[in-house]
Amino acid sequence: MRQLKYVGLFLAAGVVSGSIWLLAVIPVRSQPVIQLETNPPISQVVPDSEPVRLKLRILNSDRQPLRNANVQIEVFTPPKTPWLTSDFPIVEGTKLLDLKAIAPMGELQFEQVLPIRGVYRMQVTVTPKVAAAFKPFEQTLTFSVSENPVKYRNLAMLAAVLLLAGFGGGWVIGDNQSVRPGEIAPQPVRLLLSGAMMIAIAALLWVNVSAELSSSHADHANGTHASASAVQQAQGIEARLAGDTEAVVGKPAVQTIQVKDIKTGDPVSDVAFTIQSVATEHHQHVFTYKGLPDAMGRFTWQEQFFDGAPHQVVVYVEPLADTARSFPPFQVAHQIDVEGIEPPLLTRLISLLYFTALFVGGLLAGLWLSRWQSRKQRQASSSI
């Protein structure tokens, strides 16, 4: 029995050793991967400032560029943060960009202004341009944008003003003052309380009116949907830019560029597009993409105009360098009216709560210090 036991242990050890050896010898095939690069580096990006160049490199299992791929990119803004809201609360937790593009060399890049701080999510779906060339796959990429340091400075200055104002009010209330016959409080105290009450009433009125206007704007935006098209021609080529001409902050607007031959009506796909979205108020480029149309000479994308100001979408059309088609580059553009949405009532009330808490904190500190000083003075007087 003891010999059989040793034989069993020997066989088990051999099986384990053989399995380990086989696992070490058999190569493990890695999966395709998508790499994201940004310029400037994501650590240097400031929200709602200059466009950020986002470059995707699509690599196969051998870490070589995966050519002739169809790529769908969906960019989502950071989730809602009701207690520490950003500059654009309506934009939080929404879709910022959605485009389907062709990556013939396994690379794709675009420029986009990132409106708010937080963790962005990019959902990328890759499918073969030629059927069965490779297996489709998806990958989710995330990147974090820090808050603008200027916002912290402004917040600190506002907090200091509220604390000092509250401290001064508390010092006045806590000071020993004579009360005239028929008065419930000294005159400075009554003036301070009356002013604070008027400010509170004005703040509440402003919050409620703004929330009501926000609600009416949202209802109006939900029922509004306008689209139009702009057409431009050059040497037998026609480019038609169509899509939404009225947009709402928080919702993506659909845009489509279509190129065709004027004589035959056939789609033209051997051209290149340069798409730009410009905020006309400050002439700021918020989105730029250079790419190719599909086999039908068409390219469709969705983008959110997060700033409630007019924008212009411009598409430059030019021939590809390695084709026989020749025509001078030209552009087609149309204007988009963007409706801004005021922050919801809850967000405004939370902000008001923070400001009130700072003022009350300073008020209590001033009141306590004033009474403490008065008590020390009384004790010093009684000891003499």
Before giving the answer on side-chain hydrogen bond (donor to acceptor under 3.5 Å, both in side chains), spell out for Thr300 and Thr256 the whole-Å C-alpha distance, their side-chain angles and the decisive distance to 0.1 Å. CA-CA 4 Å; Thr300 300; Thr256 300; 3.1 Å; yes
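- Nearest heavy atom pair, residue His334 against residue Ala230, reads CB-CB, 4.1 Å.
- Between the side chains of Gln31 and Ser61, no donor-acceptor pair of N or O atoms lies under 3.5 Å.
- Scanning both residues, Val313 and Ser277, for their nearest heavy atoms gives CG2-OG, 3.9 Å.
- No side-chain N or O of Gln312 forms a donor-acceptor pair with one of Thr280 less than 3.5 Å apart.
- Here the closest non-hydrogen pair linking Ser326 and Gln235 is O-OE1, 3.7 Å.
- For the 3.5 Å distance criterion, the side chains of His311 and Glu281 fail to qualify, holding no donor opposite an acceptor.
- Rounding to the nearest 0.5 angstrom, the gap separating the CG atom in Leu114 from the CD1 atom in Ile42 is 6.0 Å.
- Taking the centre of each ring, Tyr316 and Phe330 stay at or above the 6.0 Å mark.
- Hydrophobic clustering of Ile, Leu, Val, Met, Phe, Trp and Tyr side chains at less than 4.5 Å, counting indirect connections, unites Phe273 with Trp301.
- Here side chain to side chain donor-acceptor pair (under 3.5 Å) pairs that include residues 33-52, with residues two or more places apart or in two chains, are Gln35-Arg57.
- The cluster map of Ile, Leu, Val, Met, Phe, Trp and Tyr, joined by side-chain heavy atoms under 4.5 Å apart, puts Ile275 and Val278 in different clusters.
- Using a 4.5 Å cut-off between side-chain heavy atoms of Ile, Leu, Val, Met, Phe, Trp and Tyr, with links allowed through other members, Leu59 and Val126 fall into different hydrophobic clusters.
- Placement of Ile237 and Val314 in two distinct hydrophobic clusters is found when ILVMFWY residues are connected by side-chain heavy-atom separations under 4.5 Å, directly or transitively.
- Separating the CG atom in Asp244 from the CD atom in Gln255 is a distance of 6.0 Å, to the nearest 0.5 Å.
- Follow the hydrophobic side-chain contacts under 4.5 Å out from Phe76 and you never reach Phe88; the two are in separate clusters.
- In this structure, Phe134 and Ala69 approach most closely via the heavy-atom pair CZ-CB, 4.0 Å.
- Each of Lys80, Glu147, Glu92 was evaluated against Ser86; a single residue qualifies, Glu92, per the side chain to side chain donor-acceptor pair (under 3.5 Å) test.
- Note on Glu318 versus Lys290: salt bridge recorded, some NZ/NE/NH1/NH2 to OD/OE distance being below 4.0 Å.
- Between Asp87 and Arg117, no side-chain nitrogen of the basic residue sits less than 4.0 Å from a carboxylate oxygen of the acidic one, so the salt-bridge criterion is not met.
- Taking the six-membered ring where the residue is Trp, His285 and His283 present perpendicular rings, their angle passing 60° and hence far from 30°.
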